[in-house]
Amino acid sequence: MRAPSFWWRPERSLAAHLLSPFGAVVGRVAARRMREPGVDLGVPVICIGNPTVGGAGKTPTALYLARRLARAGHRPSILTRGYGGRVEGPIQVDPVRHRALDIGDEPLLLANVAPTYVARERPRGLALAVADGADVVLMDDGFQNPSVAKTLSILVIDAGVGIGNNLCVPAGPLRAPLAPQLARAQAVLIIGEGEAGAGVARMAQEAGLAVLT
């Protein structure tokens with residue numbers, strides 16, 4: 001589904017105002033769910049997420065970090081839900097055997113850089129990666145999902161659109177209110193340039209997060 005254009009306008013449209021009560025409920029539920037404890041298997045988990053729905057550069061960031069970790073002598077693996085695929089997992093991606101129809105497009109890209117695991121139930125995918133020898137796991141998305149405990153969380157922001165109208169789905173693009181999301185992250189990565197991204201960077205700095213560009 002394509003995101004409504006009014007989500008990304010700083011000024012709140014009539015549709016945003018009408019939907020804002022529903023967004024407030026969604027936001028409260030999401031924020032409360034994020035506080036639940038997750039599974040910790042003793043291996044560092046680095047989560048690359050974003051505060052809004054849709055893409056913002058998470059997968060390229062995961063690829064970059066996997067390469068850097070491998071060059072530093074680590075054994076990184078990547079954990080993803082496999083959006084767009086029909087396989088529930090947990091399963092290790094085989095670029096020769098699997099197709100995008102099975103596991104989604106992005107896992108095929110990720111598997112060319114590091115062992116990649118698709119799992120709708122992320123703790124099961126994490127357990128498989130650790131059993132296979134991973135000493136650090138990168139989660140591509142899943143920041144708002146509390147099932148896995150994160151050691152480090154990086155929120156990726158598209159500087160061109162930022163957080164749009166600062167409302168939660170369905171009134172805006174946020175998956176949960178921004179403040180509790182920043183409170184559970186350690187860094188924000190701003191991709192590109194734009195005042196929308198600069199505004200999020202300022203809020204992140206005020207919350208004590210590292211801001212990366």
For the residue pair [X] and [Y], what are the closest heavy atoms and their distance?
X      : Y      : value
Ala149 : Asp40  : CB-CB, 4.2 Å
Pro44  : Thr151 : CA-OG1, 3.4 Å
Pro51  : Gln144 : CA-NE2, 3.9 Å
Pro95  : Leu108 : CA-CD2, 4.0 Å
Pro177 : Ala31  : CD-CB, 4.4 Å
Gly82  : Pro107 : CA-CG, 4.0 Å

### Query
Quick check: are there more than 12 heavy atoms from other residues, nucleotides or ligands sitting under 6.0 Å from CZ of Arg120?
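Yes - once you tally the heavy atoms of other residues, nucleotides and ligands closer than 6.0 Å, there are more than 12.
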
### Message
Would you say that more than 12 heavy atoms from the other residues, nucleotides or ligands in this model lie under 6.0 Å from the CD of Gln205, or not?
### Response
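For Gln205, atom CD is crowded (more than 12 foreign heavy atoms under 6.0 Å).
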
Interatomic distance, [X] atom [atom1] to [Y] atom [atom2] [nearest 0.5 angstrom]:
X      : Y      : atom1 : atom2 : value
Leu167 : Phe22  : CG    : CZ    : 13.5 Å
Cys47  : Asp140 : SG    : CG    : 8.5 Å
His98  : Ile91  : NE2   : CD1   : 3.5 Å
Thr116 : Glu106 : OG1   : CD    : 11.0 Å
Arg99  : Asp105 : CZ    : CG    : 12.5 Å
Leu155 : Leu209 : CG    : CG    : 7.5 Å

Test of understanding: clusters of I, L, V, M, F, W, Y form through side-chain heavy atoms closer than 4.5 Å, transitively. Do [X] and [Y] belong to the same one?
X      : Y     : result
Val87  : Val93 : yes
Val161 : Trp7  : yes
Val26  : Met34 : no

Which Ile, Leu, Val, Met, Phe, Trp or Tyr residues join [X] in one cluster when any pair of side-chain heavy atoms under 4.5 Å counts as a link?
X      : result
Leu18  : Leu14
Leu69  : Ile46, Ile48, Leu63, Tyr64, Leu65, Ile78, Leu110, Val113, Val136, Leu138, Leu152, Ile154, Val156, Leu189, Ile191, Leu212
Leu128 : Val39, Leu41, Val43, Val45, Leu79, Tyr117, Leu126, Val130, Val137, Met139, Val148

### Message
Val188 vs Leu182, test: side-chain contact (heavy atoms from CB on, under 4.5 Å). Steps then yes/no.
### Response
CA-CA 9 Å; Val188 167; Leu182 293 178; 4.1 Å; yes

Are the side chains of [Y] and [X] in contact, using a 4.5 Å heavy-atom criterion?
X      : Y      : result
Phe143 : Arg184 : yes
Val118 : Arg81  : no
Leu174 : Gln181 : yes
Lys58  : Thr61  : no
Arg33  : Pro146 : yes
Cys168 : Arg175 : no
Asp102 : Arg86  : yes
Glu88  : Glu121 : no

### Task
Tell me yes or no: between the side chains of Arg9 and Ser5, is some donor less than 3.5 Å from an acceptor?
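On atom types as modelled, these side chains qualify, holding a pair under 3.5 Å.
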
### Query
With sequence neighbours left out, what residues match Arg202 under salt bridge (Lys or Arg N to Asp or Glu O under 4.0 Å)?
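Glu195.
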
### Message
Taking Ser147's backbone N and O only, do any of them form a donor-acceptor pair with Arg122's side chain (distance below 3.5 Å, no angle check)?
### Response
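Flag not set: sc Arg122 to bb Ser147 has no pair under 3.5 Å.
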
### Task
State which residues pass side-chain contact (heavy atoms from CB on, under 4.5 Å) with Val200; sequence neighbours excluded, sorted by chain then number.
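Checked Val200 against side-chain contact (heavy atoms from CB on, under 4.5 Å); matches are Ile157, Ile163, Met203.
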
#### Entry: Partners passing side-chain contact (heavy atoms from CB on, under 4.5 Å) against Asp135 (at least two apart in sequence or in another chain)
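Asp135 satisfies side-chain contact (heavy atoms from CB on, under 4.5 Å) with His74, Arg75 once adjacent residues are dropped.
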
